[in-house]
Amino acid sequence: MTLLSVQNLTAGYGQARVLHGVDLTIEEGEAVVVLGANGAGKTTTMRALAGLIGFGGRVEFEGSPLAGLRPDAVVARGVSLVPQGRGTFPHLTVLENLHVGAALRRDKRGIKEDIERWCGVFPVLAERTGQAAGTLSGGEQQMLAVARALMSRPRLLLCDEPSLGLAPKIVAELFGILATINREQGVSLLLVEQNAELALALAGRVYLLEVGRVIASGTAAEFREDETVRRAYLGY
Amino acid sequence: MDIFLERLFDGVTNGAVYAIMALALVVVFRSTGTINFAQGEMALFTTYLAWWLTTVGLPIWAGALAAGATGFLLGAVVERTLIRPIRRRNDMASLIVALGLFTAFNALAGLLWNSETKPMPSLFPAGLEDFFPVAGARLYWDALGVWLVVLALIAGVFFLFNRTRLGLQMRAVADNAESAALSGVPTGRILMLGWGLAGIVGSLAGVLVTPLSATQLSLTTMFPILIYASAAALFGGLDSPVGAVVGGLAIGVLEALITGYVEFIGGTLPQTAALVVIVLILLFRPTGLFGTRQLERL
Ligand SMILES: Nc1ncnc2c1ncn2[C@@H]1O[C@H](COP(=O)(O)OP(=O)(O)O)[C@@H](O)[C@H]1O
Ligand SMILES: [Mg+2]
């Protein structure tokens, strides 16, 4: 079943149009990656889907449109974004960050169980529940940002360049966790990356974005075979 | 000794009122990251309302309740209709709107109830004989009442911010509004509530302070209180309720002792001193004594 369907998505800032008609779909349970150079419009796509900026075109999640919804209403529908640059709450503790992530939920028991679950998945967080998020390292903050987004129990997790500025070892750990969450918790994943190698290992399908348009799409395996993609994004 | 104690009591009482007003500033700052310079004049307006209700026969506590409710509505409506539309543009605009509101509420109070000084009834027994002796000094009931209200308020504000969902969401919005929205927090409603709550707290400060004030209720009653409260909030840390109270008390006590013992200091010099304190704090310790966040915008 199609979870997210995006047709002819347009968006921009003021007069400047950035997205010129993006099409993509995500099937239930899939992990999909959007590759593209700096400035291609990856972040703009994610922000439009999350309700942070207005957009044109058709966007349907589980069969009903997302157009015109505010970010909190998008979260309520089951779509959660980990923004580029992490977007944690620096002055709140790790535990408080996780509680804010559950802002729309009323099930106290379930919230507590989820906090325990994500602290198990991200052990660095379990050791630092009382610490202000701003004092965490970049990698820890990224883990917290992902955990915070998962606290709303999304059906679709949007991740905008989670690898940015992190050491390779941390990135590998993070991607491993994202893969596990996708496989074992049934959370579908839309990942934006410049780090194609890691992204292709995680994702089943790939879209290639260039100046606000999808210029190629296919399975991760097809992409790894493709000469031009290899040269442009994998460097061999 | 007894005269010193009485001056100390006076200082603590005035300081308690500055602390309440500073708390209102802190509530707005913690939930929205903005200083509302119109807070004092909004409180002036609702205090006039409380006074007016007593002139038509209602008891002062009913007037105080009405002032609190009106303060909540005014705060919420101002946020929704004036602050929100311009917030996204730039922060200078919020400051200018606050200054405009400052003038508007003052003018409106003057228009409705003219500029004559009004005697303001107190929430507590306030006769010349309503005191009890403490170590040879007189502690008046109305002073003690103000102290108790401050204690209750700080407990309430602390509870709100640290023990409730709403409080956590307010802090989240102030910390990172975009991420709060991405977490499902209805940021607009939270900001509106924050301004509303500050409106209640400010109104309370107005109703408590005017009966104690030498000028009673007049169009200039709240301005010096806002100056002292701003100094207190900055001194204690704009995001720290405890800091606001400590700052308020410190300034109140200093003011009472200085004006009491230093003969040549007139009535308005302490305000100038408070302004100097504000500038010095902004220069040397922008997070205040207890705060963690500094003022990035007004
Ligand atoms: N807030 C903004 N205001 C104006 N232009 C922006 C803004 N954010 C991004 N852009 C422009 O939109 C284009 C796409 O940006 P973005 O979506 O962030 O790309 P990516 O995430 O793929 O690097 C770029 O040309 C960028 O300069
Ligand atoms: Mg980007």
Side-chain angles (χ1 to χ4, degrees), chain A residues 13-14 43 46-47 49-53 69-93 95-108 111 132-135 141 144-154 157-160, chain B residues 26-27 29-34 80 84-85 87-90 158-194 237-243 286-288 290-297:
Chain A
Y13 305 91
T43 296
M46 298 294 243
R47 292 174 68 80
L49 295 179
L52 287 170
I53 55 175
L69 296 186
R70 283 183 326 196
D72 51 311
V74 175
V75 179
R77 291 283 300 280
V79 181
S80 194
L81 168 66
V82 182
Q84 184 174 327
R86 295 159 198 144
T88 51
F89 303 99
H91 295 94
L92 305 190
T93 66
L95 194 61
E96 286 172 336
N97 269 265
L98 296 177
H99 273 289
V100 175
L104 287 169
R105 294 172 56 182
R106 297 275 148 190
D107 55 324
K108 272 197 172 164
I111 293 173
T135 65
Q141 289 205 30
L144 176 60
V146 173
R148 187 233 89 218
L150 288 166
M151 283 305 296
S152 67
R153 291 210 169 161
L157 183 68
L158 311 174
C159 271
D160 194 349
Chain B
V26 168
V27 168
F29 186 81
R30 266 189 99 150
S31 59
T32 70
T34 325
R80 182 69 191 85
R84 198 180 306 179
R87 244 177 88 80
R88 259 163 266 142
R89 306 240 169 97
N90 70 54
F158 182 86
F159 184 83
L160 171 74
F161 277 131
N162 294 292
R163 295 281 184 276
T164 70
R165 263 175 99 82
L166 174 63
L168 178 61
Q169 295 189 357
M170 289 172 131
R171 283 155 60 211
V173 171
D175 209 5
N176 187 337
E178 184 174 296
S179 287
L182 288 174
S183 305
V185 175
T187 49
R189 204 178 320 155
I190 294 293
L191 295 182
M192 216 164 91
L193 277 173
L238 271 170
D239 59 345
S240 165
V242 177
T287 62
F290 298 89
T292 54
R293 297 181 25 156
Q294 65 185 61
L295 184 65
E296 285 140 9
R297 52 183 186 218

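To find a chain, count down the sequence lines: A is the first, B the second, and so on, and within it residues start at 1. The figures that follow rest on heavy atoms only: side chains count, while hydrogens, waters and symmetry mates do not.
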So for A/Arg47, is it side chain, backbone, both, or neither that comes closer than 4.5 Å to the heavy atoms of chain B? side chain

Under 4.5 Å from any heavy atom of chain B - which part of A/Leu52: side chain

Given the options A/Ala103, A/Ala132, A/Ser152, which has more heavy-atom pairs under 4.5 Å with chain B than any of the others? A/Ala103

Strictly distance-based, threshold 3.5 Å: is any side-chain N or O of A/Asp72 a donor or acceptor partner for the main-chain N or O of B/Thr187? no

Where do A/Ala50 and B/Leu182 come nearest, in terms of heavy atoms and distance? CB-CD2, 3.8 Å

Determine the minimum heavy-atom distance between A/Arg105 and B/Arg165, stating which atoms define it. O-NH2, 2.9 Å

Heavy-atom side-chain proximity of B/Ser179 to A/Thr88 below 4.5 angstrom: no

Quick one, B/Leu168 with A/Val100, criterion side-chain contact (heavy atoms from CB on, under 4.5 Å). Give me CA distance, side-chain angles, the key distance, then yes/no. CA-CA 7 Å; B/Leu168 178 61; A/Val100 175; 3.7 Å; yes

Give a yes or no on this: more than 12 heavy atoms of other residues, nucleotides or ligands lie within 6.0 Å of atom CZ of A/Arg153. yes

Between A/Arg70, A/Arg148, A/Arg86, which residue shows the highest count of heavy-atom pairs closer than 4.5 Å to chain B? A/Arg148

Does any backbone or side-chain atom of A/Ala73 lie under 4.5 Å from a heavy atom of chain B? Answer side chain, backbone, both or neither. neither

Here the gap from B/Arg171 atom CZ to A/Thr93 atom OG1, rounded to the nearest 0.5 Å, amounts to 7.5 Å

What pair of heavy atoms forms the shortest contact from B/Asp175 to A/Phe89, and how long is it? OD2-C, 3.1 Å

